Number of protein chains: 2
Amino acid sequence: MAKTTTSNHAAAARQRGVTMNDVAKHAGVSRTAVSFVLSNRENASISEETRARINEAVQVLGYRPNAGARALASQRSDWYGIVTEIVTAPFAVDIIKGAQDQAWLDRRFLLIAPSDQADAVGPNQGMEDAAIEKLLEQRVEGLLYAATYHRGVHVPESANEVPTVLINCFDADGRLPSIVPDERAGGRVAVERLLQAGHRRIGVINLDPDIPAAVGRLAGAREALADAGLELDPELVVPGHATADGGYEAACEILDRYTEKDRPTALFCLNDRMAMGAYDAIKERGLTIPGDIAVIGFDNQELIAAYLRPKLTTVALPFEKMGALGVQTLAALTAGQPIIADQQLVGCPLLERSSV
Amino acid sequence: MAKTTTSNHAAAARQRGVTMNDVAKHAGVSRTAVSFVLSNRENASISEETRARINEAVQVLGYRPNAGARALASQRSDWYGIVTEIVTAPFAVDIIKGAQDQAWLDRRFLLIAPSDQADAVGPNQGMEDAAIEKLLEQRVEGLLYAATYHRGVHVPESANEVPTVLINCFDADGRLPSIVPDERAGGRVAVERLLQAGHRRIGVINLDPDIPAAVGRLAGAREALADAGLELDPELVVPGHATADGGYEAACEILDRYTEKDRPTALFCLNDRMAMGAYDAIKERGLTIPGDIAVIGFDNQELIAAYLRPKLTTVALPFEKMGALGVQTLAALTAGQPIIADQQLVGCPLLERSSV
DNA sequence: CCAAGTAGGTAACGCGCGTTACTAGCGCAT
DNA sequence: ATGCGCTAGTAACGCGCGTTACCTACTTGG
């Protein structure tokens with residue numbers, strides 16, 4: 001009964017917003033005392049008894065601090081902002097999640113701004129500027145700028161007003177710290193896995209050869225082969241369009257080009273979408289995975305890799321980890337610590353499934 | 001040159017935060033005048049000349065309003081909050097995007113709170129409460145509560161303190177307005193499409209028969225058949241686990257059970273993941289899609305539907321639209337307008353691709 | 001020449017809170 | 001009695017802004 005009354009009281013009071021003043025009155029103390037207790041001030045001398053009275057009043061009235069007012073008075077918001085090109089892109093989301101989780105652990109709030117409105121008119125740049133502007137209006141203490149695929153970017157100038165960290169991309173103008181996947185190590189681990197399974201003739205379905213992902217992954221593949229005393233046969237590297245259809249066509253070409261003896265026994269597809277297409281090409285020819293041809297992908301696009309049959313062994317891009325690291329780096333920067341490194345590389349773990 | 005100076009000036013000033021006072025001084029007017037100009041007040045009488053001077057000062061100094069202070073003074077935040085179980089779930093993200101875009105159009109900001117931290121300890125409920133609490137501390141004016149799959153939910157009590165709208169779920173206690181997909185109409189359109197293509201014997205790979213998705217889609221399928229003077233053969237409805245493997249097994253069962261003559265010529269898979277498995281079963285038996293067997297899915301899980309070969313014809317769940325509608329409904333509620341309806345149904349459009 | 005507008009502003013309060021400076025009371029040594 | 005140091009607080013300012021009430025010219029009609 002008493003409990004019901006209390007909770008009703010709380011609900012009613014909240015309607016109009018219970019303030020510290022209300023709490024102070026209820027506890028019979030000054031608002032300052034309440035503030036001291038709530039912010040757990042070290043050198044404040046408040047007796048245990050009044051402290052208890054205040055805490056009780058907070059409970060009874062259902063007091064909830066006003067984050068905006070607190071930010072205004074204390075001149076710090078505890079907010080970070082993240083702006084990313086395509087909020088619904090499968091990868092952007094994982095970055096956001098990693099950052100969000102980490103921010104939550106640090107008792108901070110992550111404001112997420114879209115930079116690609118559905119009905120945006122004109123160049124994307126304008127949208128991005130507006131998003132950053134909006135975040136700065138909220139007085140975020142730091143900014144995260146994330147790309148959906150690893151590449152160089154030009155960050156709007158307004159980002160320079162607060163500490164900024166780039167995720168999954170790097171500053172083409174070379175001033176801002178960034179966090180990117182270690183593509184090279186990822187390519188290496190993929191091919192090492194194939195070598196370990198006994199494959200010596202490995203086909204590679206390549207991406208656009210100019211992007212960092214292709215450059216890094218291919219370099220890693222070469223390293224792994226070199227370690228085993230092998231070389232990458234240029235003929236076995238076929239270009240592919242970064243889709244399932246592209247992978248299908250590339251796989252067809254490589255499979256039909258050789259006799260059964262010369263045919264590669266494994267395919268390293270530089271992304272999972274292409275691997276998905278390669279599966280079709282392989283199955284179409286009556287070959288089995290991994291019996292006749294082993295396949296390894298890259299990206300770990302869950303919806304594909306985990307549902308293909310057999311499930312696809314692939315190398316994961318560490319999006320969540322990059323997001324978390326981004327927040328940590330930002331925390332360090334806003335705390336005035338020096339930058340750890342211009343560019344932090346994050347490892348790409350191999351995910352063993354059933355296609356090798 | 002002059003421009004450089006200006007922008008430097010602006011950058012330097014922003015460091016310490018340019019306030020309205022600074023603008024007022026620069027323009028030689030009172031802060032009130034600045035406020036009037038910036039908020040475009042109707043009945044304020046400011047001459048065109050001083051208005052121009054103020055606007056110029058804003059430009060020169062690089063003034064940016066402080067959203068927190070504004071919220072504090074005006075007693076309205078222009079913020080909505082959204083809390084959803086699994087931020088990275090493929091569907092949740094689309095809801096967020098729809099809501100985000102709409103909020104942006106309405107010049108509002110959407111705060112996104114996760115209710116499923118990676119390292120959450122104990123029951124999920126605690127996390128959700130904390131997330132809502134955090135949003136209320138930011139003084140959001142309304143709350144969106146989204147689920148990743150259509151179902152009944154219990155919303156934490158604290159959500160009652162501000163207008164709340166449910167998306168892709170409904171209040172099991174029946175008090176809050178909700179927005180859900182029209183599963184029945186979706187099921188109907190799927191089967192109508194198959195009928196239109198000449199199929200008369202249609203297999204259905206079902207979901208857990210108790211969830212709203214299964215109930216609605218199946219009911220819609222029955223309606224479509226009834227309109228064509230047909231009945232749904234109970235034997236042709238096989239239960240499936242909601243994964244690719246589940247779809248594979250269900251499809252195997254239905255394909256192997258009949259002779260070529262009695263075999264259904266089309267499969268309605270109640271989700272795309274199962275359709276993905278069904279593809280494998282069909283191809284494995286040397287049958288072609290859609291030549292021998294047409295397949296239609298549900299959900300439009302892009303990464304699957306758009307990359308399967310042939311691309312999967314499916315019925316889309318209108319996540320973005322639901323998100324947008326959620327924000328619109330919230331806007332109406334916070335404006336004091338009466339609720340349009342307890343439950344708003346949103347249509348599920350058919351996406352024609354190549355599997356029918 | 002005077003009262004009554006009207007255009008063009010400004011002073012001052014309060015939003016909810018953090019923070020600094022100050023005070024009142026008390027025990028204790030001088 | 002006086003001074004000192006300590007505990008347990010409180011008064012008051014300011015954060016940046018919206019808003020109301022008010023004030024001062026300058027017309028305009030009578």
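Remember, it's a predicted structure, so these values are computed and weren't measured experimentally. The chains referred to below are lettered A, B, ... by the order of the sequence lines, with proteins before strands, and numbering in each begins at 1. What you see below is based on every heavy atom in this structure, not just the backbone, and it leaves out hydrogens, waters and symmetry mates.
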(message) Output the rounded distance in Å from CD (B:Q138) to P (C:dC17).
(response) 13 Å
(request) Return the value, rounded to whole Å, for the distance between atom CG of B:N21 and atom P of D:dG14. (result) 12 Å
(message) When you measure from the side chain of A:E141 to the backbone of A:S77, do you find a donor-acceptor pair of N or O atoms at a distance under 3.5 Å?
(response) yes
(message) What's A:S74 touching, base or sugar-phosphate or nothing? Going by heavy atoms closer than 4.0 Å.
(response) sugar-phosphate
(message) Run B:D106 and B:Q102 through side chain to side chain donor-acceptor pair (under 3.5 Å) and show every step you take.
(response) CA-CA 6 Å; B:D106 296 354; B:Q102 182 64 43; 3.3 Å; yes
(message) Tell me whether B:E56 is salt-bridged to B:R51, with the criterion being a basic N under 4.0 Å from an acidic carboxylate O.
(response) no
(request) Give a yes or no on whether the backbone of B:L325 and the side-chain of B:T329 come within a donor-acceptor separation of less than 3.5 Å. (result) yes
Using a cutoff of under 3.5 Å, can you pull out all pairs of nitrogen or oxygen atoms linking the protein to nucleotides 6-11 of chain D, with atom names and distances?
{"from": "D:dA8", "atom 1": "N7", "to": "A:S45", "atom 2": "OG", "distance (Å)": "2.6"}
{"from": "D:dG9", "atom 1": "OP2", "to": "A:S47", "atom 2": "N", "distance (Å)": "3.1"}
{"from": "D:dG9", "atom 1": "OP2", "to": "A:S47", "atom 2": "OG", "distance (Å)": "2.7"}
{"from": "D:dG9", "atom 1": "OP2", "to": "A:T50", "atom 2": "OG1", "distance (Å)": "3.0"}
{"from": "D:dT10", "atom 1": "OP1", "to": "A:S30", "atom 2": "N", "distance (Å)": "3.4"}
{"from": "D:dT10", "atom 1": "OP2", "to": "A:S30", "atom 2": "N", "distance (Å)": "2.8"}
{"from": "D:dT10", "atom 1": "OP2", "to": "A:S30", "atom 2": "OG", "distance (Å)": "2.6"}
{"from": "D:dA11", "atom 1": "N6", "to": "A:T32", "atom 2": "OG1", "distance (Å)": "2.9"}

(message) Within this structure, what is the CZ-CZ distance for the pair B:R139 and B:R76, rounded to the nearest 0.5 Å?
(response) 16.0 Å
(request) Using atom CG of B:D22 as one end and atom P of D:dC15 as the other, report the distance to the nearest whole Å. (result) 11 Å
(request) Answer yes or no: is there a donor N or O on one side and an acceptor on the other, between the side chain of B:T164 and the main chain of B:A159, under 3.5 Å? (result) yes
(request) Return the value, rounded to whole Å, for the distance between atom CG of A:N66 and atom P of C:dC17. (result) 6 Å
(request) Rounded to the nearest angstrom, tell me the gap between atom CG in B:L38 and atom C1' in D:dG18. (result) 12 Å
(request) Measure from CD on A:E137 to P on D:dC17 and round the result to the nearest Å. (result) 10 Å
(message) Please compare A:A73 and A:R41 by the position of their nearest nucleotide in DNA chain C and report the one closer to 5'.
(response) A:A73
(message) Holding to side-chain hydrogen bond (donor to acceptor under 3.5 Å, both in side chains), I want the full list of residues that pass it with B:E49, two or more places apart in sequence or in another chain.
(response) B:R53
(message) I want to check one thing: is the phosphate of D:dC17, taken as OP1 and OP2, less than 4.0 Å away from some side-chain N or O of B:R70?
(response) no
(request) Would you kindly give the CG-to-P distance between B:D78 and D:dG18, to the nearest whole Å? (result) 11 Å
(message) Rounded to whole Å, how long is the line connecting atom CZ of B:R64 with atom P of D:dC15?
(response) 19 Å
